[in-house]
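Here is the structure we will look at.
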Amino acid sequence: MTKEKNRIRRELLQKRINLSEEERKRLSQKIVENLKSLTEYRKAKKVLLYCPIKGEPDLTPLFEEVIREKELILPKVNGELLKLYKVEAPSCLSPGAFGILEPPEGDEVSPEELDFVAIPGIAFDLRGYRLGFGKGYYDRLLKRTKAKKVGVAYSFQVLERVPHDAWDVPVDIILTEKFVRRLRDGLK
Ligand code: ADP
Ligand code: MG
């Protein structure tokens, strides 16, 4: 299982890293547009986004708007867990584990409070299963939230099937530059 997961990770991560900066930006803009059109996003108050690494879709152009109109929450690596903090300004972020921009420690937000979670991944399948970097951070987080779980990826990262283990938590919606796919019962 791990071997098969790793084979897909290697292949798709390489493909993503090989995107030109221009292409990444173009696709990310479309993803941001599609995200903004989601009812689940419009209704959400507490929104967990992420800071991109290794060619992940860039949602940072959304940060200011979320700070103004909602609450922007970002994760910070803490041992095996992601701790969540509300962010008041993008300028307060600084590089942390794995070179990811992280929020300063402030008032911690618990996963139970979140309404909307954007989850990056290396691959997703049409059942919502996800391959991350292989450390299980989002699996540990997602099992603790009732938020809408939105997998964010380029369309070439969405496969018909990816291997999954007992602990893998599937997403509710897959969002790409080309399509929005709802996987579980409609609107919350
Ligand atoms: P990823 O989701 O990052 O692609 P995996 O699903 O392969 O990675 O999980 C990586 C590791 O994380 C596994 O060894 C697994 O034991 C651990 N893990 C995942 N979810 C949990 C959990 N809920 N509690 C404890 N360990 C977990
Ligand atoms: Mg997993």
Side-chain angles (χ1 to χ4, degrees), residues 1-19 24 27-28 31 35 40 46-60 73-85 93 95-103 108-177 179-185:
M1 181 69 83
T2 310
K3 232 173 132 186
E4 175 64 1
K5 278 186 168 181
N6 281 337
R7 192 186 59 75
I8 302 172
R9 282 186 183 111
R10 257 199 312 277
E11 188 182 320
L12 285 183
L13 182 57
Q14 197 54 51
K15 210 164 166 179
R16 194 175 70 186
I17 287 172
N18 286 346
L19 286 177
R24 187 170 90 94
L27 299 177
S28 294
I31 290 172
L35 191 154
E40 290 85 351
K46 298 194 182 187
V47 175
L48 180 74
L49 299 179
Y50 61 85
C51 290
I53 53 165
K54 296 186 191 281
E56 286 168 346
D58 185 2
L59 305 182
T60 59
I73 320 292
L74 288 174
K76 184 180 177 74
V77 172
N78 186 269
E80 288 199 316
L81 297 178
L82 295 175
K83 282 195 172 188
L84 311 179
Y85 297 99
L93 303 173
F98 314 114
I100 302 169
L101 285 179
E102 294 184 335
E108 205 178 331
V109 175
S110 84
E112 289 85 357
E113 296 173 57
L114 298 171
D115 301 308
F116 185 101
V117 181
I119 305 134
I122 296 177
F124 290 89
D125 77 14
L126 294 172
R127 301 165 298 181
Y129 286 111
R130 164 185 177 274
L131 296 188
F133 286 109
K135 296 209 164 72
Y137 280 105
Y138 276 99
D139 289 320
R140 289 185 201 93
L141 175 76
L142 294 178
K143 70 172 190 186
R144 296 181 52 207
T145 186
K146 290 195 181 66
K148 271 291 160 193
K149 301 184 258 299
V150 181
V152 179
Y154 307 111
S155 52
F156 67 78
Q157 298 174 275
V158 182
L159 311 177
E160 202 163 319
R161 286 275 191 276
V162 299
H164 64 98
D165 293 289
W167 58 79
D168 283 313
V169 180
V171 298
D172 302 310
I173 296 175
I174 294 178
L175 178 72
T176 74
E177 80 286 2
F179 60 86
V180 173
R181 175 77 75 113
R182 287 197 162 69
L183 304 165
R184 264 147 277 283
D185 69 17

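Indexing begins at 1, ligand by ligand and atom by atom, following the structure's order.
- The protein heavy atom nearest to atom 2 (O) of ligand 1 is D139 OD2, 2.9 Å.
- Closest approach of R9 to I122, counting heavy atoms only: O-CG2, 3.6 Å.
- At a threshold of 2.8 Å, the Mg ion (ligand 2) has a backbone or side-chain N, O or S atom of D168 nearer than that distance.
- Scanning both residues, P57 and Y50, for their nearest heavy atoms gives O-OH, 2.8 Å.
- With hydrogens and angles ignored, the 3.5 Å screen pairs a side-chain donor or acceptor of R127 with a backbone N or O of V162.
- Looking at T176 and F124, their side chains never come closer than 4.5 Å, going by heavy atoms from C-beta outward.
- Under 4.0 angstrom from ligand 1, the non-hydrogen atoms of D168 all belong to its side chain.
- When the heavy atoms of R130, R9, K5 are ranked by distance to atom 4 (O) of ligand 1, first place goes to R9.
- Within ligand 1, counting atoms from 1 as listed, the ones closer than 4.0 Å to a heavy atom of L131 are 4 (O).
- Heavy-atom contacts from other residues, nucleotides or ligands closer than 6.0 Å to CD of E80 number 12 or fewer.
- Minimum-distance N/O/S atom of D139 relative to the Mg ion (ligand 2): OD2.
- Side-chain contact check for I53 versus F133: some heavy-atom pair is nearer than 4.5 Å.
- The pair K15-E11 fails the salt-bridge criterion, with no side-chain N (NZ, NE, NH1 or NH2) lying under 4.0 Å from an Asp/Glu carboxylate O.
- When Y137, F133, W167, Y129 are checked for heavy-atom proximity to atom 6 (O) of ligand 1, W167 turns out nearest.
- For ligand 1 and K143, the ligand atoms under 4.0 Å from any heavy atom of the residue are 23 (N).
- Of the candidates A166, G134, P163, it is G134 that places a heavy atom closest to atom 10 (C) of ligand 1.
- The option with the heavy atom closest to atom 22 (C) of ligand 1, from among K135, R144, R140, H164, is R140.
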